[in-house]
Every structure is written in C-alpha cells, then in structure tokens.
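This report concerns only the one structure given below.
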2 protein chains.
Amino acid sequence: MSDTDSRGGAERIIEAAIDLFGRHGVHGTSLRSVAQQAGVSQALVVHHFGSKDGLLRACDHHVASVTRANKERTVAGGPQLDPFQTLRQLEKSQPLLRYLARALTEGGERTRELVDEFVADAHDYMRLAEEAGFVKPSATPHERTIVLVIWSMGALAMHSHVKRLLGVDFLADDAPPESLGPYLRPMLELFTQGLMQEGAFDQMTEMFEVPESISEREA
Amino acid sequence: MSDTDSRGGAERIIEAAIDLFGRHGVHGTSLRSVAQQAGVSQALVVHHFGSKDGLLRACDHHVASVTRANKERTVAGGPQLDPFQTLRQLEKSQPLLRYLARALTEGGERTRELVDEFVADAHDYMRLAEEAGFVKPSATPHERTIVLVIWSMGALAMHSHVKRLLGVDFLADDAPPESLGPYLRPMLELFTQGLMQEGAFDQMTEMFEVPESISEREA
DNA sequence: GCTGAGACTGACTAAGTGTTCAGTCAGTCG
DNA sequence: CGACTGACTGAACACTTAGTCAGTCTCAGC
C-alpha cells in the first residue's frame with residue numbers, strides 16, 4: 001500500500017496471498033482482497049499467476065523453498081525436537097507459519113510433498129541424535145519419528161488453542177526462547193521420565209499385539 | 001435423498017451440514033449444497049436455522065452434545081490416553097470426527113468452549129490415572145495434560161497425513177482397535193521408556209529453567 | 001524516431017453466494 | 001366450519017466471486 005515499494009508486483013502479491021490465505025483460508029480469501037492488500041489491481045494477479053489455483057501453487061512453492069533453505073540452519077543447530085523451531089526465528093515468519101499451519105490441515109494432496117520432506121528430514125535428525133547418544137533406540141524408529149513430526153505439526157495447527165491454554169505463541173515473531181517454556185517443559189519431562197508407570201505398559205500393549213507386520217516397514 | 005426418510009428435515013439438514021462442512025470447510029460449503037444433500041429446499045435451511053451462521057452453531061451444538069454424552073462411556077472405560085478414542089467407536093462417527101478435526105483448526109473462538117471441556121475432562125482422567133498408579137507424577141501436571149490433549153487433537157487434525165504415513169485412519173468407522181497400532185505402539189513406547197537419554201535432559205532444560213543462565217549466554 | 005514486450009489497469013461477464021419474500025400445503029385447535 | 005401454525009417451496013433479491021478483454025503505460029533495443 002505504500003507509494004514507494006521497491007519490490008516487484010508479483011512478490012508483493014505472493015506475500016499478501018500468504019498472509020490472507022493463512023488468516024482466512026483459501027475459500028475465505030478473494031483475489032480482490034489479495035490485490036488490494038498488495039496495492040495492485042485484481043487483473044494483475046491473474047496476469048501473473050493465471051488463476052487462483054496458480055497463485056496457491058506459487059504460495060506453496062514459496063513456502064517450500066523457504067523451509068528448504070532453512071534445512072541447513074537446522075542441521076547446524078544440533079539435535080532438534082521441533083522441526084518448526086528454526087522457521088520461527090525467521091524474520092516476518094508469522095504469516096508464513098500461519099499459512100503453513102493452515103495448509104497442513106486443509107491442504108490435502110497439495111501439502112503431501114512438503115510433509116514428506118519434513119518427515120524425511122526428521123528421520124535424519126533422529127538418526128544423528130540417536131548416534132550422538134541423545135535419544136534412546138526404538139523398536140519402531142520409523143513410526144516413532146512420524147508420530148513426533150505429526151505431534152509437532154499438529155501443535156502448530158492448534159496454535160490458537162496453545163496460546164490460550166498455555167500462553168505460548170508459536171507464531172510470535174519476537175518471542176524469546178524461554179517463552180516456549182510452558183510447552184517445552186512438560187514435553188521434555190515426558191520425553192525423559194516418560195508418562196506411564198512400568199506396569200501399565202504390558203497391560204495396554206496386549207491390545208495391539210498383532211503380528212509384526214508393521215516392523216517390515218523400512219526406508 | 002431417499003424417498004422415505006423417517007427423520008425430520010432439520011435433523012437431515014444438520015447431518016448433511018456436518019458432513020459437508022467437515023469435507024470442504026465452512027467457506028467451501030454453500031447452503032444450496034447442504035439443502036441438496038439433505039434432499040430439501042434451500043429456503044427450508046434458512047427457515048429452520050435463520051442463517052448460515054445459525055446452521056453452523058447448530059452443528060457445533062450437536063457435536064458438543066454427542067461428545068458430552070460420551071463422557072460417561074469414557075469414564076467407564078478406564079484410564080484413557082486419547083480423548084477421541086471413544087468417539088471413534090460411535091456409529092457413523094466419520095463425518096462427526098471430520099467436522100471436529102476441521103473445527104479444531106479453523107473454528108477459532110467458536111471451538112474454544114469445546115476444547116476447554118476436553119482439557120477439563122482430560123485433567124480428571126489424568127488425576128484418576130495418577131492415583132491408580134498408571135501415570136507418573138509431574139512437576140507441571142496442568143501443562144502436561146494440556147500438551148497431551150493438544151497432541152491428540154493435532155493428530156486428529158492431521159488425519160490425512162497420519163493415514164498416508166502410518167496407514168492409520170482415525171476417521172474409519174469400522175476400524176478394529178489393533179489397526180491403530182502403528183500410531184499407538186510408538187506412542188506407548190515414548191510414554192514408558194521416554195525418548196531422550198538421561199544426560200540430554202539437563203543439557204536442554206538449562207535453556208528454560210533458570211533465567212540467569214540465559215542472560216549469561218547472551219553476554 | 002519506431003517497435004514490441006511485458007507490467008499493469010478499469011470495465012465487464014457469467015456464475016455463484018446468502019438472504020428475502022410471497023405463498024402452498026397439511027395438520028391442529030377452538 | 002374457520003383461524004391459525006409450522007414445515008416447506010420456487011422465484012427473486014443484492015452482492016461477490018473468478019476470470020476475460022481491450023487497451024494504456026514504461027522502457028529497452030533497434
């Protein structure tokens with residue numbers, strides 16, 4: 001909306017689209033509103049991206065490239081429990097994370113590729129962390145990693161409830177690391193001392209003791 | 001759709017609305033499509049519920065009453081790790097769970113009440129399970145319960161990815177309990193043996209426990 | 001100068017949206 | 001019987017939607 005914006009129109013449009021798609025969903029966002037927020041005409045949006053679906057794909061591609069570029073930063077940061085922690089430290093990460101949170105649930109087939117990439121990365125980190133002696137070995141390492149990624153993604157998708165219930169804002173731009181405490185502290189406690197007493201395990205696993213068909217799964 | 005439907009119009013409309021809202025979202029569902037699926041005119045929908053928002057509230061109320069009615073069943077079932085497990089055993093629970101999964105993420109303030117209820121219930125269950133010797137005590141029991149509920153809700157919201165990655169379908173009507181194995185087995189393993197080795201705990205909790213250590217880090 | 005390409009726009013279209021309204025029909029009550 | 005109620009409908013309403021189109025502007029290259 002500012003008179004002097006050095007960035008090109010297409011770039012401003014994608015930025016506005018990510019913000020509005022994340023805020024109100026795809027169906028709840030019109031090309032008009034995207035154009036208005038970007039300070040351009042609606043026709044220009046179609047001119048650049050062909051259609052609303054084309055704009056959506058461009059947004060996905062943009063988010064994917066940003067997250068991919070951050071993989072190196074994640075690797076350098078040592079063992080990581082939360083795959084989105086490094087994304088949070090990006091500048092202006094709030095709209096991007098909000099878009100990602102929404103895409104994870106209503107994206108359907110579109111987000112499949114991105115999620116698979118998160119899982120693959122997490123698998124690498126877990127293997128490294130296990131070799132470094134940070135995490136314990138598992139009877140089903142593949143499934144365990146998937147469950148952990150699902151929980152992280154799910155918690156991101158539930159960010160509004162997390163903020164209300166714990167006072168932890170996953171989308172905050174300038175949140176200091178210790179502000180995540182009310183979420184991370186019980187998580188770390190669960191991941192060290194566990195949740196259940198020893199006896200409860202055998203009692204509950206009986207129900208799921210099917211032939212070891214799943215353990216065949218491997219990459 | 002069927003010529004002879006004993007149920008009243010309002011009931012059929014709510015059922016159709018829950019199905020379509022859960023499938024395509026609120027913005028992606030028109031009153032026309034709801035009326036068509038219910039085998040009724042669009043005007044009747046407005047006649048019964050006043051507006052689209054009124055229909056939405058009626059759906060929320062319906063879901064809330066069903067889940068509330070199942071609280072007793074949950075209590076009788078003993079210690080429960082997943083607050084949605086009993087919902088899954090309902091007949092025709094698939095549309096209801098899908099609606100719930102979508103409402104959890106895009107419901108915003110609307111779903112606040114329902115989520116708070118889930119948390120309050122989970123708090124009761126955790127206290128009972130702790131007294132029964134099933135789960136270990138926690139330094140932050142309140143936050144721990146919230147985190148567990150958030151993970152459960154988040155996993156439900158991620159049901160499409162869970163199905164693709166683990167072959168576990170949270171929304172399946174006729175799924176036998178052991179079909180949840182690939183999800184529940186690593187979860188139980190995490191909750192008994194934990195995830196991290198003993199040494200890793202102190203190393204990572206430093207960041208969130210003592211404020212002085214952080215100021216030292218920055219200096 | 002001129003040409004052509006591409007960013008960019010206002011005006012338009014056809015379809016779809018939630019909502020309004022007048023009115024039909026089957027019952028119920030006095 | 002007539003008055004009345006409530007479920008139910010078709011047709012219209014005003015509005016928004018994604019997408020089209022003709023045409024303007026800027027600017028590099030000849």
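In this text the structure is predicted, and so the values were computed from the model without any measurement. Each chain gets a letter, A, B and so on, in the order the sequences are listed, and its residues count up from 1.
- B/Ala132 meets the side chain to side chain contact (heavy atoms under 4.5 Å, CB included) test with B/Phe134; sequence neighbours excluded.
- Contacts of residues 16-33 of chain A with DNA chain D (heavy atom under 4.0 Å): A/Thr29, A/Ser30, A/Leu31, A/Arg32.
- For B/His24, the ring-ring contact (aromatic ring centres under 6.0 Å, His included) test picks out no residue, with sequence neighbours left out.
- Residues passing the ring-ring contact (aromatic ring centres under 6.0 Å, His included) test with A/Tyr99, sequence neighbours excluded: none.
- Screening residues 47-56 of chain A for salt bridge (Lys or Arg N to Asp or Glu O under 4.0 Å) gives A/Asp53-A/Arg57 as the qualifying pairs, with residues at least two apart or on separate chains.
- First and last contacting nucleotides of DNA chain C toward chain A (any atom under 4.0 angstrom from a heavy atom, 5' to 3' order): C/dA7 to C/dG10.
- Annotation: ring-ring contact (aromatic ring centres under 6.0 Å, His included) contacts of A/His61 (sequence neighbours excluded): none.
- Note on the helix from C/dG1-D/dC30 to C/dG30-D/dC1: terminal axis deviation equals 10°, with five pairs used at each end and the result rounded to 10°.
- Identified under the salt bridge (Lys or Arg N to Asp or Glu O under 4.0 Å) test for residues 28-49 of chain A, with sequence neighbours left out: none.
- A search for ring-ring contact (aromatic ring centres under 6.0 Å, His included) contacts involving A/Phe21 returns nothing, not counting sequence neighbours.
- In this view, A/Arg144 and A/Met126, A/Glu130, A/Val135, A/Ser138, A/Leu148, B/Pro186, B/Glu189, B/Leu190, B/Gln193, B/Leu195 satisfy the side chain to side chain contact (heavy atoms under 4.5 Å, CB included) rule, not counting sequence neighbours.
- DNA chain D is contacted by A/Ser51, A/Lys52 of residues 47-56 of chain A, taking any non-hydrogen atom closer than 4.0 Å.
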